[in-house]
Amino acid sequence: MLFNSVDFAIFFPIVFVLYWLLSRNLTSRNILILVASYLFYGWWDYRFLSLIIISSLVDFVVGKMIYKAESKKNKKLLLCISLIINLGFLFYFKYTNFFIDSFINAFALFGKELNITALNIILPVGISFYTFQTLSYTIDIYRNQLKPTNDALSFFSFVAFFPQLVAGPIERASHLLPQFYVKHKFNYNNVKTGFLLIGFGLFKKMVIADRAAIVVNQVFNNPELYSGVEVVLATILFAFQIYCDFSAYSDIAIGAARTMGFDLMKNFDSPYFSKSITEFWRRWHISLSTWFRDYVYIPLGGSKKGKYKTYANLFIVFVVSGLWHGAAATFLIWGAIHGFIIVLEKATNKERKKIYNKIGLLSNKFSGKLFFSMITFSIVCFAWIFFRAPSFDTAMTLIKSIPTNNFIIFFTDDLYKLGLDRYQLVILTLAIITLLMLEIINRRKNLVVFLKNQLFVFRWMVYLSIIFIIIVFGVYGDNDTSQFIYFQF
Amino acid sequence: MLKFYIKSLLLIIITVVILKVSDSFIIHDELLHYNIEKLYKEKDSCDFVYLGNSLTRRSYNAPYIDSTLNTKSICLASEAQHFYLTNSIFEDFIENKNLYPNKALIITLSPWQFKVLNEQKWWHFLQMSALDELSISKNYFSNIKEFYSYKDLPKIFSTTIRFHSEIPSQIVQTSNKMKVFNNIDPNGFVLGINSKLNKSQREEKKGISSYIDSYTKSIAETEQKELSDKSVEVLLNVIEKCKSKGIKLIFITPPSIDALYYSGEFGQRKFIKELLKSNSVSYIDFNEKFKEIGLTFDDFNDFAHLNKEGNRKLAPFMVDFLAETLDIEIKKNIEPKSEVIDEGVLDTTIINTNNLAKHVLEFNKWGKVGIVSKWLNNQEVQIKRDAKVKSSFVHTGDILVEEGEIYEASIKAKLSSKDAYIGLRILGKYPDRVDAVFDIKNQKVLGVNTYGNFTSGEANIELSKKNIIVCKVKSRVKGEKLKVLLGPTSILNKLPSWEAQTDIKNAVTILPLSLVFKKVND
């Protein structure tokens, strides 16, 4: 079920009302969450519910067994069972065809033709998210950082919690699971801010992301037709599309959970204002970055095994992160670009600072902030080309075409042949400017608190404006653009 | 918690109210909306009601047909309208006896109007534009089920939402604008499309003559292919209801290039033909007369629609067909056949007494100075001064004349119950002219005079039929080209400057199609 669908608009208010009717009885409430979550997921394809149930069951049982196991060897063995089952599902559904294709291509390089055909495998929505969530539970128990739960209902609800089930934030059991053990009281302000977050998320998704997607799809699906500024424009729009798409999902997830008294972790923090790629990753998909930090980077040795090992670990983490996003060479390159730049930033940190100080390019001044943000944004955008392009060849075609001088399109009607007419482009531009301004203001002053302190009439005008902007200027309906991008990961 | 629910409910109610209020300012398809409203509100009887899709709008030159057959037409068609919706509009319409046409209900018919599915968004939006007009009807809900899923709910619910979606921009307009199609006819026909097929389109259909030649034969030789049960059901519903209500029903397939090429539809065309024949319903497929009408690539805007020239060529054939089918006398013969023959030599920028009728049909193209015009129905236009301080008049283009001859200009106007005056001028090279001012309340000529080299000026006013008067002015003229000017004036204005600034922003109602400019004998 999509957050930006009529289905969800009917589903959520019903769940919300029932939830608060049953809120006094913990068991009933959690049963409702579980049923609602399975319904939410099964709406897409009920067959794949079995994967979530198996994954939940395995980790619930294995978690207990790890905790009870006395020898480290047994604990390790049990952890391996959990990893094999969970990652087994993930690898089978996500990476089988990638490896088959890679084998075929590798053998083709040596002139041998392998007679294997790719399997017809459907990728279950959100498998990467809930797999990582359940894995963190088992690993934390293995590390003695968490006690296993005896409450199966709460655990199953934690794994399948519908607001964040298919696209995160990837929650840790230590943070979310205890919230299923306690009753929540109806808190008017939490509910209100929750709905505001949902509204803001819908604005980003429906007004910006889905509108930008029209241009992006047009250019990236027809790379041979476009060049120069068209490619640059589409890439910049993709940067906003993916940010607004993914952060919108997180906002709606956090907002929906908050209306029911749950607190989910922050997943985005104005990433395009980052002044370096290192900072970008502290602000982008925070739940995944911290997951990789805790469960991949640190186990690899983190930064404690020398400079070069640290660089290697960082690079590995980003390559793995790239592959987590998708089983394709383009994602691998995307991860590698980020890994390479982060290593470069780390390796040249002192030298760069010296140079910047010498030329007076200070990151605490506006000009410095602007410069570093622009550089970071440009690198991020360049990497997005690989992320978005359907193939490596497409990405290269687009990159090669960038130097073409066709600024003339800004003075002709060609600009409107990218899928959006003048009116739609104006809406998109205004919406992006509004978003950036809100983020700038929000960094200085909490907008929710600011709004709370305003006059009733003003507040209602803001609420109505949000509703009207979404329903009137939103792009919605059954089409390719209305899907959330991160559903595929 | 209760506070939250109450506030939420309030917010929803306010949202809905604001949406509905803003909906009332926006309509999708003014042509359909305008005509349904007009038909229902005025309850003014008309002779022909046209139903169907864009082919209806762009194929039938109703002003020509009406002026020739002395009839009144109204068009209830909308773009890409599915026949199920046509049926629903018909169902609404048939409920009200006052609205029945005096002569016939004319419905455009082609197999593609029965297509079950069209995944393209714009197609759904266009159905919605017609659906909007059925909001009070029981047919509204059955059609929603037919064309939309509940996922389209926000768009179905509000026109405002649809207005900002991906509807083809040329279809979208607000209710106070009439700029969607150029040269829109007041009764909903779209006759002013000038564009022709481009080079590549012509190239694509290069061998069209063989398709034209073989069309009738191909259909005759093709095996019948039935329409779906529901399609037949709605078609028979229209036929049977018309029979039971005593409405003369005519189905017409206008010419289109696509029709000649889609051999896959030939079986259905044959089925339709046979079905109508077995039910004794009048039907003509103008694709069979493609050659006879003389249609060429120049007469089409695209592969489906006739352009301005095309609908002009078709018009006399329509007149003949309707006159024959309905046994109507062609009362006002404006030599339709010769107009078609003269097609190649007609220059729309130069008007002579032979092609003036064509120019008159295009009142929207008349020159307008300081005038706001508003069609009141398919015959009458109110022309009003938009300011007191400047000259105000409407005028024809240049009309070629023979020097030294006497010419007469006449125009019909609506009799006024209030003080109203109309000025009429035949203008040569300044200051050559004849001016006349008429009191259209008291049916008097207030004055007539010639200036410059014009001589022998005369004017008269007479009652034509109830409430309609004819104002005439004539003079011996000088020069090769003349213009006819007319407009509202005041009793305070002097005769030679009736069009100049005046004391009030007065208005008169004229019948522009009645303008006659002719040479008269001494």
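Side chains included, hydrogens not; waters and symmetry mates left out as well; all remaining heavy atoms used. Just so it is clear, the structure is predicted and the values come from calculations on it, not from any experiment. A note on names: the letters A, B, ... follow the listed sequences, proteins ahead of strands, and every chain is numbered from 1.
For the atom pair Phe4(B) CZ and Phe16(A) CZ, the distance stands at 4.0 Å (nearest 0.5 Å). We find the CG-CD1 distance between Leu19(B) and Ile471(A) to be 4.0 Å, quoted to the nearest 0.5 Å.
With sequence neighbours left out, the side-chain contact (heavy atoms from CB on, under 4.5 Å) criterion links Lys20(B) to Val16(B), Asp23(B), Phe157(B). Residues that satisfy the side chain to side chain donor-acceptor pair (under 3.5 Å) test with Lys3(B), not counting sequence neighbours, are absent from this structure.
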Show which side-chain atoms of residues 455-467 of chain A pair as donor or acceptor with protein atoms under 3.5 Å away, not counting sequence neighbours.
residue	atom	partner	partner atom	Å
Arg459(A)	NH1	Gln454(A)	O	2.9
Ser465(A)	OG	Met461(A)	O	2.6

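Within 6.0 Å of the NZ atom in Lys452(A), the count of heavy atoms belonging to other residues, nucleotides or ligands does not exceed 12. By the neighbour-count criterion of 12 heavy atoms within 6.0 Å, atom OH of Tyr261(B) is densely surrounded, having more than that number from other residues, nucleotides or ligands.
Between Val17(A) and Tyr5(B), the shortest heavy-atom distance links the atoms CA-OH, 3.7 Å.
For residues 185-194 of chain A, the interface with chain B (any heavy-atom pair closer than 4.5 Å) comprises Phe186(A), Tyr188(A), Val191(A), sorted by residue number.
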